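What follows is one structure encoded as structure tokens, with my remarks underneath.
Since this is a predicted model, take the numbers as computed values, not measurements.
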Amino acid sequence: MDTDIKKIMHVMRRAPHGSIYTYEGLEMILIMAAYEQDLSLVFIGDGIYALKKNQDTTGIGIKGFSRTFMALDGYDVEKLYVDRQSLEERGLTEDDLVVDVEVMDASEIGRLMTEQDVVIHH
Amino acid sequence: MNIGILLKEGPYNHQASDTAYKFAEAAIAKGHKVDAVFLYNDGVTNVTKLGDPPQDDRNVAARWSELAKKNDFKVLACIAASKRRGINDDVLIDGSEITGLGTLTDIAIRNDRLLTFGD
Amino acid sequence: MLHTINKSPFENNTFTTCVRFLQPGDPILFIEDGVYAVQDGNRFGALIQSMLKKNNPVYALKPDIDARGISAVADGVRMVDYAGFVDLVEEHQVNSWL
């Protein structure tokens, strides 16, 4: 029986608001964070838009949640990785994001993926 | 091998529930243990007994219910996702339960694999 | 690590995105609408062959292939049924790209 801490990676690949996946994904991450596992979050493709500064959802009547990503630090979830190509092709930089992230090449993120016990795409 | 399954789509709109079911069936047939199926996002609608598909179509909820009862696992619907979508104890099919995301975390921790099916 | 792809590559970039993250030796399994990637003669043939050359085994779920009337599959792509899917999961940790 493996009682070691599990490495669990959450992969965010969808834009916020247009579908619920990223928001409910974040709810899952916040609960898992209380279990003291080795959690990481990876933002690929449109998933990066969830971290965009200056989101104002009042007009669409859906609760905004970009600021909730800031709370992750308080749960000791500090491994937030962003795919460099996805960021660049969207014309964004780290300064456009609400939290501190580590921008990485796909090959590096891919290597981290292979080290995981569990990978969950949202 | 001990397997947990995370199912993120409801029945019929998408093939995810069908693939998850076929996978679970095949894993059990090979002697592996399916520990639990956890339903998230619209996946929670897989276990409402109110569904009534045409006679010549598969009944996704009934099929999960039978597989779960026969093989001693539970189909677990996330409580937060269920509340949003009107799934509660009154509509749950046999072999399913409503539970929290902490249970999913336990499933991830105690199994050899946690496999996701979705859209 | 086993990567599964369930989206048609013609409609969705999940396959081409996944390829950027693949590590040497990682197998890839196409399921559901993902299997359209391996139909012989389509525009993804070159990408499939380059993966095979880089030692990334390519599998497709036969019941999904059959369900979609795909009669010819790109060279080197291996067919598995659900039992074969289970075997791949037993051999590898899994990354289900959605």
Taking all atoms of both residues into account, what is the closest heavy-atom pair of [X] and [Y], and its distance?
X	Y	answer
C:Val94	A:Val119	O-CB, 4.1 Å
C:Met1	A:Gln116	CE-O, 4.1 Å
A:Asp117	C:Gln93	O-OE1, 2.9 Å
A:His121	C:Asn95	NE2-OD1, 2.6 Å

Quick check for you: to the nearest 0.5 Å, what is the distance between [X] atom [atom1] and [Y] atom [atom2]?
X	Y	atom1	atom2	result
C:Gln23	A:Ser107	CD	OG	7.0 Å
A:Leu112	C:Phe21	CG	CZ	11.0 Å
A:Thr114	C:His3	OG1	NE2	8.0 Å

In terms of heavy-atom pairs under 4.5 Å with chain C, which of A:Glu115, A:Met9, A:Met113 leads?
A:Met113

Around atom [atom1] of [X], are there more than 12 heavy atoms of other residues, nucleotides or ligands at under 6.0 Å?
X	atom1	value
C:Glu11	CD	no
A:Lys53	NZ	yes
C:Lys62	NZ	no
C:Phe44	CZ	yes

Let me know if A:Ile44 has heavy atoms under 4.5 Å from chain C in its side chain, its backbone, both or neither.
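The side chain, not the backbone.
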
Does any backbone or side-chain atom of C:Leu22 lie under 4.5 Å from a heavy atom of chain A? Answer side chain, backbone, both or neither.
neither

Given heavy-atom pairs under 4.5 angstrom as the criterion, report whether the side chain, backbone, both or neither of C:Thr17 touches chain A.
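Answer is side chain: those atoms of C:Thr17 sit under 4.5 Å from chain A.
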
Would you say the side chain of C:Leu98 lies within less than 4.5 Å of the side chain of A:Arg14, judging by non-hydrogen atoms?
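When only atoms from C-beta onward are counted, C:Leu98 and A:Arg14 do touch, with a gap below 4.5 Å.
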
Answer yes or no: is there a side-chain heavy-atom contact under 4.5 Å between A:Arg13 and C:Thr14?
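In short, these two side chains touch, coming nearer than 4.5 Å.
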
Please list, in residue-number order, every residue in residues 83-97 of chain A that has a heavy atom less than 4.5 Å from any heavy atom of chain C; write 'none' if there are none.
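Against chain C, the residues of residues 83-97 of chain A that fall inside the cut-off (heavy atoms, under 4.5 Å) are A:Asp83, A:Gln85, A:Ser86.
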
